[in-house]
> 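Below is one structure. I have some questions about it.
Here the structure is a predicted model, which means the values were calculated and not measured. Below, chains carry the letters A, B, ... as their sequence lines are ordered, and counting in each starts from 1.
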Protein chains: 2
Amino acid sequence: MRTLLDVVKEIDNISFPYHNSADHDQYVDELWRFYLPEDPRPYGYIPKFVVEAMPWSADFHIDDKSVPKKVQLLTNSPADANKAIAHLLQTAREKRLFKCLEGWRNEEYRILGAKSVIKIERAGAGLLGITTTGVHMTVYTRSSTREILLWAPKRSMTTKNNPGKLDTSVAGGVPAGVKPFECLVKEAAEEASLPQELTTASAKSVGCVMEFNVKDGGNGLLEPSLKYVYDMEVDDVELRPGDSEVEEFCLMTPSEVKKNILEGNYKPMCVMVLVDFFVRHGILTIENEEDYAELVARTHRNLPFPTSSK
Amino acid sequence: MRTLLDVVKEIDNISFPYHNSADHDQYVDELWRFYLPEDPRPYGYIPKFVVEAMPWSADFHIDDKSVPKKVQLLTNSPADANKAIAHLLQTAREKRLFKCLEGWRNEEYRILGAKSVIKIERAGAGLLGITTTGVHMTVYTRSSTREILLWAPKRSMTTKNNPGKLDTSVAGGVPAGVKPFECLVKEAAEEASLPQELTTASAKSVGCVMEFNVKDGGNGLLEPSLKYVYDMEVDDVELRPGDSEVEEFCLMTPSEVKKNILEGNYKPMCVMVLVDFFVRHGILTIENEEDYAELVARTHRNLPFPTSSK
């Protein structure tokens, strides 16, 4: 039978360091590292096919002599670094080199942990293997018997990404220049029609989850992600779609949510957030879940990239 | 200024895989692995000085040809494995080979993740680098302004281990044959005079924390640990010492707790549990703690040893 850990491993599908160490090391050793100027910490892993296809300008030093191989940004100021990255991705987009750039958003992530503000177009983050940052909130209420019921939006069948899938109650990427909590309040209003005052007063910061996904079943772009996680318990509030991406909001018991996760009815990027919710609320325990400790470790795995500027 | 991450790194003081990878690899490669019969997963790391001093019987194959080096238990049944481990540690104790065995408890841990029930005397777990399992519960109440206040026992100045230090509200090792939640209920009654019915009804399973401590500032025994974590909110309940190890229980604000952690007034093994509590309760957030994501990852690091029998 499929387990939660099976689903988690399909999403967090770069192997854990320590486990299957040899496989892990060989695969990771062959990836190229992406470095920002004057910072010894790698900010992303890039597969060979991207390095070969990318229209690198002279601002990038392609170093195939180092072990592991690396792409080093050489600019002298944050402004120039931002220009070089933007120009690189715009050129690749114009030349139609990568499918992911068809989803160009004109919205940027701030590169997490960089010592100055360096931004990257959201649609291009995966090309350099940059860690994406998001906010995810589970909105829940309680039944007459005090059982937890979770609100989940069901995405429209006509929406482009993940049609028909269930989603976290409220979720979104954190754009450069916006604080995570501000972003959450805005997304809650836009996506679930939740009043800003309610979210501001009631949403609780409860942690973060990390996952490291490699697209195309392990052969594609590397997409590490960090999601700030929030809970909000509500009473007489009904969540309603705020845009056409969502068809309706459903209210589900934890067992229904778990069943839907195992059947693949959730957007993959929600699974870590829901597993973490189940652990924090005592729905999964060491007494009822054999993989308890590994689920907890995997949902909070350390990423090999900076998460702070120190 | 000392930060929570500094304190966490003193406790979880084997380096993170990925970070400072070369140092990590060299140190870890030189440690010996401990293997149980017919199981390819290592159950512990053993430093060279222990391998050399230990009075291994013929039940243990000391393999210095493998890379890394390993100690392989060779017995043919769980009963024999238990006998071999018990005999090994008893012999070492009688010969007074290791200081840690002076704390012999006549209480055993079950080796986590082993396919059958294999036990090890608590005082000897560190000699084979076996992961210890514990339960930790934070009992808290709310002030008239709804601020969280945490209950903390202050250990007696005359107790042997950690005299005068603050501790988690309730904590203990999980002995072989006892379920974590049962263990928690018993410890809460014994250590904090909390009625069994109250703990059974109100304690909430909220996760687990993992840490990997190397004793003597990184040169000694390896002590990975897994702690099941519980919260209990109480109202009109006063915690009282149940034995002479504890002098009194104090009620502290989160800022007082944090100050005491930074000043080294807590038992080291509580720090991960308290940091996790602060994260889950929105006391530490990405907006007020620069090391937020690394604190979350480190308190839930994956250990390189089995946590389930799969």
> Which answer fits B/Glu290, side chain, backbone, both or neither, if we ask what part of it has an atom under 4.5 Å from a heavy atom of chain A?
both
> Determine whether more than 12 heavy atoms belonging to other residues, nucleotides or ligands lie under 6.0 Å from atom CD of B/Glu38.
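Result for CD/B/Glu38: open.
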> Short question: side chain of A/Glu287, backbone of B/Phe181 - any donor-acceptor pair under 3.5 Å?
yes
> In terms of heavy-atom contacts, does NZ of B/Lys258 have more than 12 from other residues, nucleotides or ligands at under 6.0 Å?
no
> Does a side-chain heavy-atom distance below 4.5 Å link B/Lys310 with A/Thr3?
yes
> Is it the side chain or the backbone of B/Tyr228 that comes within 4.5 Å of chain A heavy atoms, both, or neither?
side chain
> Sort B/Leu5 into side chain, backbone, both or neither according to what part of it lies under 4.5 angstrom from a heavy atom of chain A.
neither
> Identify which part of B/Lys204 has an atom lying under 4.5 Å from any heavy atom of chain A, answering side chain, backbone, both or neither.
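Just its side chain gets close to chain A.
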> Is the number of heavy atoms from other residues, nucleotides or ligands within 6.0 Å of NZ (B/Lys186) greater than 12?
no
> Mind checking salt bridge (Lys or Arg N to Asp or Glu O under 4.0 Å) for A/Asp6 and listing every partner two or more places apart, or none if nothing turns up?
none
> What are the two closest non-hydrogen atoms of B/Gly207 and A/Val279, and how far apart are they?
CA-CG1, 3.4 Å
> Measure A/Leu295 against the heavy atoms of chain B and call it side chain, backbone, both or neither at under 4.5 Å.
neither
> Flag yes if more than 12 heavy atoms outside A/Lys70 fall under 6.0 Å of its NZ atom; otherwise flag no.
yes
> If you count heavy-atom pairs under 4.5 Å with chain A, which of B/Asp231, B/Thr285, B/Ile286 comes out on top?
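That would be B/Ile286.
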> Could you tell me which of A/Ser205, A/Pro180, A/Gly282 has the largest number of non-hydrogen atom pairs under 4.5 Å with chain B?
A/Ser205
> Locate the shortest heavy-atom distance separating A/Val296 from B/His300; write the atom from each residue and the value.
CG1-CD2, 3.5 Å
> Looking at residues at least two apart in the chain, or sitting in another chain, which of them share a ring-ring contact (aromatic ring centres under 6.0 Å, His included) with B/Phe34?
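So B/Phe34 forms no ring-ring contact (aromatic ring centres under 6.0 Å, His included) with any residue.
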> State, to 0.1 Å, how close B/Arg280 and A/Val206 come at their nearest heavy-atom pair, and which atoms those are.
O-CG1, 3.3 Å
> Provide the closest heavy-atom pair for A/Cys208 versus B/Ala293 in the form atom of the first, atom of the second, distance.
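Scanning both residues completely, I find the closest heavy atoms to be SG-CA, 4.0 Å.
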> Please report the interatomic distance CZ(B/Arg298) to CG(A/Asn302), rounded to the nearest 0.5 Å.
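The CZ atom of B/Arg298 sits 8.0 Å away from the CG atom of A/Asn302.
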